[in-house]
Amino acid sequence: MSAPRATGMHEQLPWAIVALAGAGLTLFSLVWSGGTLGAGLSGHGWQAPPFAMSTIARMADVGPASMWPQAPPAAVYAGMTGLLAVLAVPVALVVGLLLNRAARPKGLAGRRELAALCPKGIEARARELRPSLEGRDRLHPDETGNLLGNLSPKGPELRSSYEDVELDLMAPRAGKSTGIAVPRVLRAQGAVLFTSNKSDVYAVTRAEREKAGTVWTFDPQGIAHAPRAMWWNMLGECHTTEGARRLAGHFVASVNDDTAKKDFWISAAQNTLTALFLAAARNRAPVQELLAWLADPADRTPVDLLRDAGLIAMAEQLQGTVRGAVETRDGIYETARQTVACLLDPEILAWVTPDPELPEFRPGQHVLGRDTLFLLSKDGGGSAAGVIAGLADATLRAGVVAAEYMGGRLDPPLTAVLDEAANVCRIADLPDLYSHFGSRGISVVTLLQSYRQGARVWGEVGMDALWSAATIKLLGAGLDDADFVQKVSTLVGQHDVRTPTISRAKDGTSRSYSYRLDPILPPDRIRALPKGTALLLATGVKPALIQLRPWYREPGADVISAAAKAETAAITERAARRLLPGVHLSKPGSDDRWNRAPR
């Protein structure tokens, strides 16, 4: 084992000698030139010592300053230092550029390939998409596009345009909230729609969004324990058959994991709900009356209301369901009751019931301003996911209508952040609508924990459509689906790797090279992406690695952090009053966190 190592060291020895000689020559040249420069600039002549080995020996013996005896040593050394500084700057820039290129994996996109997402490119695109920016010389970066992060390892800043639609896949605690959701809400230029099953983003952004406009908080299950300060007319979206069917579909999707596998009962329940929603909306019947119709299949009131509204075909269909076999009818109605079971909770029902003392949320007005809508719901059994999806869908459709009136595109754009979309915002045809939103000035980002999570809701075909429609895709840390990660590695591509081969014989040593194709990013490396790093897949551009920019590292984070702490404390206090009557939180620093309130 020792012989190969000795031979290797023997082969490297000549190169080491050359490198040492080159370094010595460079150092001598610097000292010789700098000393001469210092002597000349100080007025003591430009006579340089001989550029020879004898000069090197003398410098080593008595010091560099002795080579210019007519000049003071301070001037000589100043010249050397100044020349070193002048040469060091370009050398450092070149070295830094080479190191940056070496740090980026070969085969991934660099600054040149990502020019359209860099500041100049994205500003030019924003001026084309937003007529309101015409004539302005300087634009704030947030007016030009959505911040994605910095190109790894050292920039520049990358942004997506307002016609891009985004899909982000990251595991929990990989930076979805801090690096994507919060910055997107804080930097939004127009109206905001945000969905989640947690209160963290709400706590961080609410105070800042209040500076931009009204904050509407739809929190029927007490995620942030926000007091009810609004109501939404759920049936107001059901005056058309399309609107009623869409709302029914949201309730059905909230209890059906894969919309591609609807069985008879699910489809029949959706048809029945569509008829009941339409009957209630056309005749201004409250939601409570609609629930009463569901509880009593023999009630002919909705059939008569549909006939009175001129919807004869819909009335006949509903009557056919009611007159069918008792077992079939009861099965259909029971399935329908299960899909809207959340409305049996009076606290949830109150948010979709008209209240003359509270303002009504109107999606059509919301998308035209800079207001913010927070839609919060639990996931799992008893969640208000159907209502949340209905209101989110109504807001997005209102944005499409408003864009059509504006000439095709919203300006400023509507920002929609669908966090936990697979749990609390299951819009069944979201994959089909995705690319359509981008052309309307609706900037949508859907946040999922994995590709498989989306496939569970929209099916493999639907998830493939969503993946294809997204023009920007960010893949973060913790993707453990082996099949999916392998597919991503294939999409990233391969690059040539040169492998040296050394052959030794009696007459000498020869070196040859062969090439093989290796993945640019193997599956194990994609899975092990560090937290805060994401793989960027943009349409028409080679993949790139980016560094997310968490909100707490941005300018002004101290003000936002203080507001977030105050909001979190308020949420905790409201939770204590609601869940533990007669108990209040102790002050910070107290030994006991919970204290019994005095009676």
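Only heavy atoms go into these numbers, but all of them, side chains included; no hydrogens, no water, no symmetry mates. Residue numbers count from 1 along this sequence.
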Tabulate below the donor-acceptor pairs under 3.5 Å that side-chain atoms of residues 461-478 make, not counting sequence neighbours, or state none.
residue, atom, partner, partner atom, Å
Asp464, OD1, Tyr451, OH, 2.1
Ser468, OG, Asp464, O, 2.9
Thr471, OG1, Asp164, OD1, 2.9
Thr471, OG1, Val165, N, 3.1
Thr471, OG1, Val165, O, 3.3
Lys473, NZ, Trp467, O, 3.1
Lys473, NZ, Ala470, O, 2.8

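Taking the charged nitrogens against the carboxylate oxygens, Arg527 and Asp480 do have a contact shorter than 4.0 Å, which makes a salt bridge. Ion pair Glu143/Arg187 not flagged as a salt bridge, since none of the NZ, NE, NH1 or NH2 atoms sits closer than 4.0 Å to an Asp/Glu carboxylate oxygen. Using a 4.0 Å cut-off between charged side-chain N and carboxylate O, Glu420 and Lys198 make a salt bridge. The pair Asp355-Arg228 meets the salt-bridge criterion, since a charged nitrogen lies less than 4.0 angstrom from a carboxylate oxygen.
Of all heavy-atom pairs spanning Ile348 and Pro220, the tightest one is CG1-O, 3.9 Å. Summarising the geometry of Val424 relative to Asn197, their closest heavy-atom pair is CG1-CB, 3.9 Å, with the distance given to 0.1 Å. Here the closest non-hydrogen pair linking Asp219 and Ala224 is OD2-N, 2.9 Å. Contact between Trp458 and Ala428 at its shortest, heavy atoms only, is CD1-O, 3.4 Å. What you find for Leu418 and Cys425 is that their closest heavy atoms are CD2-SG, 4.2 Å. The heavy-atom pair separating Ser377 from Ile388 by the smallest distance is CB-CG1, 3.4 Å.
The backbone N or O of Tyr202 lies less than 3.5 Å from no partner atom in the side chain of Ser199, so there is not a single donor-acceptor pair. In terms of modelled atom types and a separation under 3.5 Å, the side chain of Ser489 and the main chain of Val485 share no donor-acceptor contact. Formation of a donor-acceptor pair under 3.5 Å by the Gln365 side chain with backbone atoms of Arg362 is not found in this model. Arg246 places no side-chain N or O within donor-acceptor distance of the main-chain N or O of Gly390, the cut-off being under 3.5 Å. Using a distance-only test at 3.5 Å, with no hydrogens or angles considered, a donor-acceptor pair links the side chain of Gln221 to the main chain of Ala384. Between the side chain of Ser161 and the backbone N or O of Gly145, no donor-acceptor pair lies under 3.5 Å.
Rounded to the nearest 0.5 Å, atoms OG1 (Thr274) and CD (Glu242) are 11.5 Å apart. Tyr434 OH to Asp429 CG: the interatomic distance, rounded to the nearest 0.5 Å, is 13.0 Å. Atom-to-atom distance recorded for Thr415:OG1 and Leu186:CG is 11.5 Å, nearest 0.5 angstrom. Distance CZ/Phe194 to OG1/Thr205: 7.0 Å, rounded to 0.5 Å. Rounded to the nearest 0.5 angstrom, Ser254 OG and Asn423 CG are separated by 12.0 Å. Note that CG of Leu349 is 8.0 Å distant from CE of Met234, once rounded to the nearest 0.5 Å.
Counting only N and O atoms by type, the side chains of Arg245 and Asn271 include a donor and acceptor under 3.5 Å apart. Donor-acceptor pairing under 3.5 Å is recorded for the side chains of Asp393 and His250. Asp411 and Ser132 share a donor-acceptor pair across their side chains, judged by distance under 3.5 Å alone. Looking only at atom types and distance, the side chain of Glu123 has no donor-acceptor partner in the side chain of Thr144 under 3.5 Å away.
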Please assess Phe361 against Trp216 for the test ring pair (Phe, Tyr, Trp, His ring centres under 6.0 Å), listing each intermediate value before the final yes or no. CA-CA 8 Å; Phe361 177 80; Trp216 301 86; 5.4 Å; yes
Candidate pair Arg184 and Glu166, rule salt bridge (Lys or Arg N to Asp or Glu O under 4.0 Å), full reasoning: CA-CA 12 Å; Arg184 197 63 56 89; Glu166 185 176 331; 3.1 Å; yes
For the pair Val488 and Thr490, evaluate side-chain contact (heavy atoms from CB on, under 4.5 Å) and give the outcome as yes or no after the intermediate values. CA-CA 5 Å; Val488 172; Thr490 303; over 6 Å; no
Would you check, one step at a time, whether the test side-chain contact (heavy atoms from CB on, under 4.5 Å) holds for Glu163 with Arg440? CA-CA 7 Å; Glu163 68 175 352; Arg440 297 300 185 184; over 6 Å; no
What do the steps show when you test Lys211 against Glu208 for salt bridge (Lys or Arg N to Asp or Glu O under 4.0 Å), and what is the final call? CA-CA 5 Å; Lys211 300 176 183 178; Glu208 286 297 311; 2.9 Å; yes
Would Ile546 and Leu158 satisfy side-chain contact (heavy atoms from CB on, under 4.5 Å), going step by step from the backbone distance to the final call? CA-CA 8 Å; Ile546 68 171; Leu158 300 179; 3.7 Å; yes
Go through it in stages, so that I can follow the logic: the residues are Lys176 and Gln449, the test is side-chain contact (heavy atoms from CB on, under 4.5 Å), and I'd like the CA-CA distance, side-chain angles, deciding distance and then a yes or no. CA-CA 9 Å; Lys176 292 196 302 293; Gln449 295 180 11; 4.3 Å; yes
Kindly determine whether Arg159 and Glu157 satisfy salt bridge (Lys or Arg N to Asp or Glu O under 4.0 Å), including the steps that lead there. CA-CA 7 Å; Arg159 291 176 179 268; Glu157 177 182 277; 2.9 Å; yes
Determine whether Arg209 and Asp371 satisfy the following criterion, salt bridge (Lys or Arg N to Asp or Glu O under 4.0 Å), listing intermediate values before the conclusion. CA-CA 8 Å; Arg209 289 304 302 177; Asp371 296 348; over 6 Å; no
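Every residue two or more places apart in sequence or in another chain that forms a side chain to side chain contact (heavy atoms under 4.5 Å, CB included) with Leu344 is listed here: Leu291. Contacts of Glu237 classified as salt bridge (Lys or Arg N to Asp or Glu O under 4.0 Å), with partners at least two apart in sequence or in another chain: Arg397.
Ring-plane geometry between Trp232 and Phe218 is classed as perpendicular, the angle between the planes exceeding 60 degrees on a 0 to 90 degree scale with a lower cut at 30.
Around the CZ atom of Arg370, the shell of radius 6.0 Å holds more than 12 heavy atoms that belong to other residues, nucleotides or ligands. Other residues, nucleotides and ligands place more than 12 heavy atoms under 6.0 Å from the CZ atom of Arg337.
For the pair Pro412 and Arg130, the minimum side-chain heavy-atom distance is below 4.5 Å. The shortest side-chain heavy-atom distance between Leu536 and Leu148 falls under the 4.5 Å cut-off. No side-chain heavy atom of Thr533 sits less than 4.5 Å from a side-chain heavy atom of Leu548. Leu521 places a side-chain heavy atom less than 4.5 Å from the side chain of Leu535. Side-chain contact check for Val192 versus Phe374: every heavy-atom pair is 4.5 Å or farther apart. Asp558 has its side chain out of reach of Ile560: every pair of non-hydrogen atoms, C-beta onward, lies at least 4.5 Å apart. Residues Leu273 and Val340 are in side-chain contact: their nearest non-hydrogen atoms beyond the backbone lie under 4.5 Å apart. Side-chain atoms of Pro359 and Trp231, non-hydrogen and from C-beta on, never get closer than 4.5 Å to each other.
The side chain to side chain contact (heavy atoms under 4.5 Å, CB included) test with Arg549 singles out one residue from Ile180, Asn150, Thr178, and that residue is Asn150.
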